[in-house]
Asker: 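Below is one structure. I have some questions about it.
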Amino acid sequence: MKDTVTQPVITAQNLQLVFQTNDGPVHALKDVNLTINKGEFVSFIGPSGCGKTTFLRAIAALEHPTGGTLTVNGMTPDQARKSRAYGYVFQAAGLYPWRTIAGNVKLPLEIIGFSKAEQDEKVRKVLELVELNGFGGKFPWQLSGGMQQRASIARALAFDADILLMDEPFGALDEIVRDHLNEELLKLWARTGKTIAFVTHSIPEAVYLSTKIVVMSPRPGRITDVIESPLPKERPLDIRDTPEFIAIAHRVREGLRAGHSDV
Amino acid sequence: MSRILPVLAVVLAIVVLWYAAAVKMNAAWVYDQAARAGEPAPAFSQLVRLTMNQDRPVLPAPHQVITELANSTLGMKISSKRSLVYHGWITISATLLGFAMGTGLGILLAVGIIHNRAMDMSVMPWAIASQTIPILAIAPMIIVVMNSLGVQGLIPKAIISAFLSFFPVLVGMVKGLRSPDQMQLDLLSTYNANGAQVFWGLRLPASMPYLFTSLKVGIAASLVGAIVGEMPTGAVAGLGARLLSGSYYGQTVQIWAALFAAALVAASLVGIVGIIERRTLKRMGMAR
């Protein structure tokens, strides 16, 4: 289904991001070079402070790089933000308690200014996509944590952005729910063909989901390894017991360890 | 029942203490009367009887206050100058107008403070300073100044009310409008939402629980403001006037009845705000 021609969506060249703090400058990102192609599922993994979230936020123009170039859909991140090129899923669902699930999903559509009919149609479509049809009229507190996070994914998908940026979206959920949502996310990705950048702490999650795994290490935040996954597109959960899967997980672990030892 | 019982127990304890205090405080007059008449001091049982129904007791007994309250509300036409309903309404109307003015001012200032750094730096210290001025000192000045401008009656009292009630609303709304966390603001930023959309879509609804908490404090403060505002006007009308005229003429029963009326009005006003709060938050889906 994917085009065979690789088409870069996000490119970073010599990207630097330095935070000025009271204790002096902090190198959140140093010499980051990366290309994310259309339709890829790219995971960022690394210990706290390795800059994986900062990089995601820089793509979303929520942080501003201090050096190098970063383009999203060929534009600057800020232009991309203004043209609503991406949907962003945060670690917490962050649904408005005063809006129903449908109302929450509608939020970006109202802000962008879709017509009432279009709003309802899009809400119906994405709620179906995350298998929350029938829950549109509920308030967030009536849903479990996993369902809330699915609603927040629906909200990010509602306005049909090609890029989905996800910052540890399942980090706060228990393992069983997380496995289920990982499976769902893969299906959703296959169906929609979105380009997904996904930040995680979990090695199995990164290996299971990704076509490309970016291993990062802290002080200064940088990329230590980029692994192209040889796993097939169809991935049942028990693929995690295959030798290929274990080999990739091992390489990620080695990469993380290497990043740590030279600190 | 289990919730009413503790309340009843406290009420009962207060009533018992009150009666005891009434006997003790009103006894002096009884002894004084006996001494003047050259009679021996009355026995305890007689003393109790004589302290319960004095015309101008130091501390009226609870049943005297309740009787006066009933007589001056149910027992006379509401147009009568002695009716507490008449005076109560005058106070309530000033309270409500002042509350509306204070709430409006508080919300406007809060909106200014969160959107404008200069206002953030300058308004809050003045707002706090304004509340350190004793209301008793500033109330007569407001009445006099307004009077010299030809404004009398309701408006000056409402201004004093507003002076007291804008502050809790201001503080609560600043906190409420700032309650959305960075993640919520980042989310709207990813939609490229403008300032008005952030305000109406996120900040204002998020501030509602804070607003209602402030409104409850604010409406009680408004009532205090209206009552204080009625005192320097020469005790013409209102619960404050009843309090003052009662103290002019040593009518302690009248003072206490007015006091109770004021307390009942305050409780009702706060209760009404509470009901509106529950309804609104429930409709917004924020009550569980």
Side-chain angles (χ1 to χ4, degrees), chain A residues 53 56-64 72 77-114 137-143 152 155-156 158-159 161 163-169 172, chain B residues 103 106-107 110-111 114-115 117 169 172-216 273-288:
Chain A
T53 294
L56 204 69
R57 289 174 61 85
I59 296 170
L62 296 172
E63 306 289 352
H64 300 283
V72 179
D78 214 46
Q79 287 167 334
R81 179 178 68 86
K82 286 180 178 144
S83 64
R84 282 106 176 187
Y86 63 85
Y88 200 107
V89 180
F90 292 85
Q91 191 165 8
L95 302 170
Y96 290 2
W98 57 86
R99 280 177 178 247
T100 60
I101 296 303
N104 270 288
V105 174
K106 214 177 270 181
L107 176 73
L109 305 173
E110 285 172 9
I111 289 171
I112 294 169
F114 284 101
K138 299 268 190 231
F139 281 104
W141 60 269
Q142 295 171 301
L143 268 59
S152 92
R155 182 178 59 187
F159 50 101
I163 306 169
L164 192 56
L165 305 175
M166 308 180 86
D167 184 6
E168 290 187 53
Chain B
T103 301
I107 292 175
V111 171
I114 61 150
H115 283 110
R117 204 175 137 68
V169 175
M173 278 306 273
V174 167
K175 197 166 163 55
L177 291 172
R178 283 192 175 144
S179 65
D181 57 21
Q182 191 57 45
M183 195 206 85
Q184 298 278 17
L185 296 170
D186 282 347
L187 178 69
L188 288 181
S189 173
T190 69
Y191 304 147
N192 195 25
N194 62 34
Q197 287 167 331
V198 174
F199 180 79
W200 293 106
L202 175 60
R203 289 191 189 276
L204 196 66
S207 72
M208 281 302 127
Y210 296 84
L211 174 66
F212 279 108
T213 308
S214 302
L215 290 184
K216 284 194 217 165
V273 174
I275 290 168
I276 297 172
E277 172 183 30
R278 268 202 301 281
R279 292 238 174 115
T280 309
L281 294 187
K282 195 169 176 189
R283 266 194 68 178
M284 289 177 75
M286 288 161 96
R288 296 183 185 186

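Every chain is numbered from 1 and lettered A, B, ... according to where its sequence line falls, protein lines coming before strand lines. Remember, predicted model here, so these are calculated numbers, not experimental data.
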Asker: In terms of side-chain geometry, is the basic nitrogen of B:Asp186 or A:Arg57 positioned less than 4.0 Å from the acidic oxygen of its partner?
Answerer: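 Looking at B:Asp186 and A:Arg57, the cut-off is met.
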Asker: Which heavy atom of A:Lys138 sits nearest a heavy atom of A:Leu143, and at what distance?
Answerer: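 Heavy-atom minimum between the residues: CB-CD1, 3.6 Å.
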Asker: Which bit of A:Leu62 is near chain B, if near means a heavy-atom gap under 4.5 Å: side chain, backbone, both or neither?
Answerer: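 Only the side chain of A:Leu62 comes within 4.5 Å of chain B.
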Asker: Going by ring pair (Phe, Tyr, Trp, His ring centres under 6.0 Å), name the residues that satisfy it together with A:Phe114, two or more places apart in sequence or in a different chain.
Answerer: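 With neighbours one apart ignored, the set is empty.
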Asker: Highest number of heavy-atom pairs under 4.5 Å with chain B: which of A:Ala60, A:Gly103, A:Ala161, A:Gly94?
Answerer: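 So the answer, after comparing A:Ala60, A:Gly103, A:Ala161, A:Gly94, is A:Gly94.
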Asker: Sort A:Tyr88 into side chain, backbone, both or neither according to what part of it lies under 4.5 angstrom from a heavy atom of chain B.
Answerer: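 Interface part for A:Tyr88: both.
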Asker: Under the salt bridge (charged side-chain N to carboxylate O under 4.0 Å, His left out) test, which residues partner B:Arg178, sequence neighbours left out?
Answerer: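 Listed in chain order: B:Asp120.
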Asker: Is it true that A:Arg99 and A:Glu110 have a side-chain N and a carboxylate O under 4.0 angstrom from each other?
Answerer: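 Looking at A:Glu110 together with A:Arg99, the answer is yes, because their closest N to O distance falls below 4.0 Å.
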Asker: What part of A:Ala92 gets closer than 4.5 Å to chain B, counting heavy atoms only: side chain, backbone, both or neither?
Answerer: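 Looking at A:Ala92, backbone and side chain both touch chain B.
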Asker: Checking B:Leu202 against chain A: side chain, backbone, both or neither under 4.5 Å from a heavy atom?
Answerer: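 Its backbone and side chain both get close to chain A.
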Asker: Tell me which of these, B:Ser189, B:Ala193, B:Pro180, has more heavy-atom pairs under 4.5 Å with chain A than the rest.
Answerer: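 Winner by heavy-atom pair count: B:Ser189.
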